Amino acid sequence: MAQKRAIFQEVAAGEAVITPGAAIGAIDRGRTAWRGAIRVWLQSLFLLVVLMIAVGGATRLTDSGLSITEWRPVTGALPPLSAEEWQLEFDKYREIPEYQLQNKGMSLAEFKVIYWWEWGHRQLGRFIGLVWGLGFFTFLALRRIPTGWTGRLLLLGAFGGLQGAIGWWMVASGLTGTMVDVASYRLATHLGLAFVILGLIAWNIVELGRTDRDLIQARRAREPGLRRLGTILCVFTFVQILLGAFVAGIDAGRAYTDWPLMSGGFFPPNMWDFSPVWRNFFENSGLVQFIHRTSGYLLLLFGLYTWYVSRRSPNQATRRAFDWATLVLFSQMIIGIVTLINAAPVTLALMHQFCAVVLWVLVLRARFLTQYPIEQSVRGGARA
């Protein structure tokens, strides 16, 4: 017969406290063991999408994105395998504006370099789709997907397919007319969806790392005020990433390389030269870079304010999450300035883009913890 325990009696090390019926409730029973496997699968997709964003950035920075002038989702998986096939691909490239206006006289050997970048970019996209499909349909066939998660995991695949279509829509904008690059708003759409997909995967990974019962209990301790600030910070960060895509789309980061001024003034010269006026917001390198700079300053200020408010959180894990997000936000600004004054070389530009990925994930995690704070002991330490 169990002895009665005093209210304030300490539990001995290694001694379990069992509450009848509380070990595993109906919420966590059934497919719980498979949550870990699905989480590992999502972590693999997460790493692949991060790699995809990096390869996409390198493809843009090397002006390789228009080297393949056709969209062949299946047959395009095979690269040219003979001299005749290489010549045919090169001839197609020589018909587009980028070659005629920018790369006229390019050799076949030089063409192969940019072709391999774009082919690798598209091939990685196919591989990501394959990893998603194998994982999703395997878990579905085995009936191991937790309740309520089928639609969420299916949405990732749907967004992946949409991303491929948007990628071609982006490339198509640079194949005709007088443009030597893709349309910046299409590039922003393409990159924006990549970050949406990455954010959804990251959120699902964090959520699957905790049981449904734990999440339901954690919601009772959510912090509405900090949650609102975290939501605004997520939106603000995402908008800044999109503005960065507009800068990248027209190489605006190489137009004004002085800081904190622009050609010696607060405002860049000729920032309203294009007509109609709306074109300046997409095509005028001075105005596009000025908006990205100004938005970055405002994002930093708002991030610091959110961090200050987060100091009042009673949850240590939440405070630490905002510490890390703010540290990376400040680092991102420094890297952006260094990238700018060096005229955006490939290495620094990719570092700036990768830091944006890290910042995006950390801001989302901080926002997650405002809604589902981690339970902590009376002494203040977070419980596992």
Side-chain angles (χ1 to χ4, degrees), residues 11 15-47 49 131-160 196-231 233-234 310 313-322 324-325 360-378 380-384:
V11 179
E15 181 179 348
V17 178
I18 302 176
T19 302
I24 297 181
I27 294 175
D28 295 326
R29 191 182 294 116
R31 300 181 175 90
T32 303
W34 285 86
R35 292 172 73 97
I38 294 175
R39 194 164 183 253
V40 170
W41 168 60
L42 288 176
Q43 288 171 337
S44 301
L45 284 174
F46 177 87
L47 293 175
V49 174
V131 171
W132 173 84
L134 287 176
F136 176 77
F137 289 109
T138 298
F139 291 126
L140 186 65
L142 295 175
R143 298 185 179 181
R144 299 302 183 183
I145 298 178
T147 302
W149 278 85
T150 301
R152 295 170 65 169
L153 300 179
L154 181 61
L155 181 64
L156 294 177
F159 275 167
V196 168
I197 294 171
L198 186 70
L200 288 174
I201 295 174
W203 188 279
N204 290 339
I205 289 172
V206 176
E207 190 169 334
L208 281 171
R210 296 164 67 177
T211 65
D212 290 337
R213 181 178 53 180
D214 177 32
L215 293 173
I216 291 174
Q217 293 175 342
R219 286 178 60 184
R220 300 171 185 170
R222 62 182 179 271
E223 304 172 68
L226 187 57
R227 178 187 174 190
R228 283 192 293 270
L229 290 177
T231 299
L233 185 60
C234 286
S310 73
S313 172
N315 301 291
Q316 183 181 29
T318 303
R319 295 195 302 271
R320 292 292 175 267
F322 279 98
W324 280 107
W360 176 234
V361 173
L362 290 178
V363 168
L364 285 173
R365 180 175 180 273
R367 164 61 178 77
F368 179 89
L369 290 176
T370 64
Q371 183 171 340
Y372 302 106
I374 296 176
E375 184 183 7
Q376 59 187 34
S377 67
V378 176
R383 292 180 180 175

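Hydrogens, waters and symmetry mates play no part in the numbers below; they use all other heavy atoms, side chains included. Every value quoted in this text rests on a predicted model; they were computed, and no experiment measured them.
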**Student:** With a 4.5 Å limit on heavy-atom distance, are the side chains of Leu200 and Val196 in contact?
**Tutor:** yes
**Student:** Got Leu134 and Trp41 here, is their nearest side-chain heavy-atom distance under 4.5 Å?
**Tutor:** no
**Student:** What is the distance from atom CZ of Arg227 to atom OH of Tyr372, rounded to the nearest 0.5 Å?
**Tutor:** 7.5 Å
**Student:** Given 3.5 Å as the limit, does a donor-acceptor pair link the side chain of Arg319 with the main chain of Ser313, or not?
**Tutor:** yes
**Student:** Mark yes when over 12 heavy atoms from residues, nucleotides or ligands other than Trp324 sit less than 6.0 Å from its CH2; otherwise mark no.
**Tutor:** no
**Student:** I want to check something: taking the side chain as every heavy atom from C-beta on, are Leu208 and Trp149 in contact at a cut-off of under 4.5 Å?
**Tutor:** yes
**Student:** Does the side chain of Leu45 reach to within under 4.5 Å of the side chain of Val131, using non-hydrogen atoms?
**Tutor:** yes
**Student:** Considering the options Arg365, Arg152, Arg219, which one meets the salt bridge (charged side-chain N to carboxylate O under 4.0 Å, His left out) requirement together with Glu207?
**Tutor:** Arg152
**Student:** Counting distance only, does the side-chain N/O of Arg210 pair as donor-acceptor with the main-chain N or O of Ala218 below 3.5 Å?
**Tutor:** no
**Student:** Between Trp360 and Leu198, which heavy-atom pair has the shortest distance, and what is it?
**Tutor:** CD1-CD2, 4.4 Å
**Student:** So, do Pro146 and Asp212 sit near enough that their side-chain heavy atoms are less than 4.5 Å apart?
**Tutor:** no
**Student:** Taking the ring centre of each residue, are Trp132 and Phe137 less than 6.0 Å apart?
**Tutor:** yes
**Student:** Compare every heavy atom of Ala221 with every heavy atom of Pro373, then report the nearest pair and how far apart it is.
**Tutor:** CG-O, 3.4 Å
**Student:** I need the single residue from Gln371, Glu223, Arg367 that forms a side-chain contact (heavy atoms from CB on, under 4.5 Å) with Thr318. Which is it?
**Tutor:** Glu223
**Student:** Please report the closest heavy-atom contact between Leu369 and Ala317, naming both atoms and the distance.
**Tutor:** CD1-O, 3.7 Å
**Student:** Is the shortest heavy-atom distance from the side chain of Ile38 to the side chain of Leu153 under 4.5 Å?
**Tutor:** yes
**Student:** Would the distance check show the side chain of Arg144 and the main-chain N or O of Phe139 forming a donor-acceptor pair, the cut-off being under 3.5 Å?
**Tutor:** no
**Student:** If I compare all heavy atoms of Ala202 with all of Val361, which pair ends up nearest, and what's the gap?
**Tutor:** CB-CG1, 4.3 Å
**Student:** State, with a plain yes or no, whether a side-chain heavy atom of Asn204 is found less than 4.5 Å away from one of Ile201.
**Tutor:** no
**Student:** Test side-chain contact (heavy atoms from CB on, under 4.5 Å) on Leu364 and Val206; report intermediate values, then the result.
**Tutor:** CA-CA 10 Å; Leu364 285 173; Val206 176; over 6 Å; no
**Student:** How would you list, by chain and number, every residue that makes a side-chain contact (heavy atoms from CB on, under 4.5 Å) with Ser310, sequence neighbours excluded?
**Tutor:** Leu226, Trp307, Phe322
**Student:** Can you name the residues that form a side-chain contact (heavy atoms from CB on, under 4.5 Å) with Thr150, not counting sequence neighbours?
**Tutor:** Phe136, Leu140, Ile145
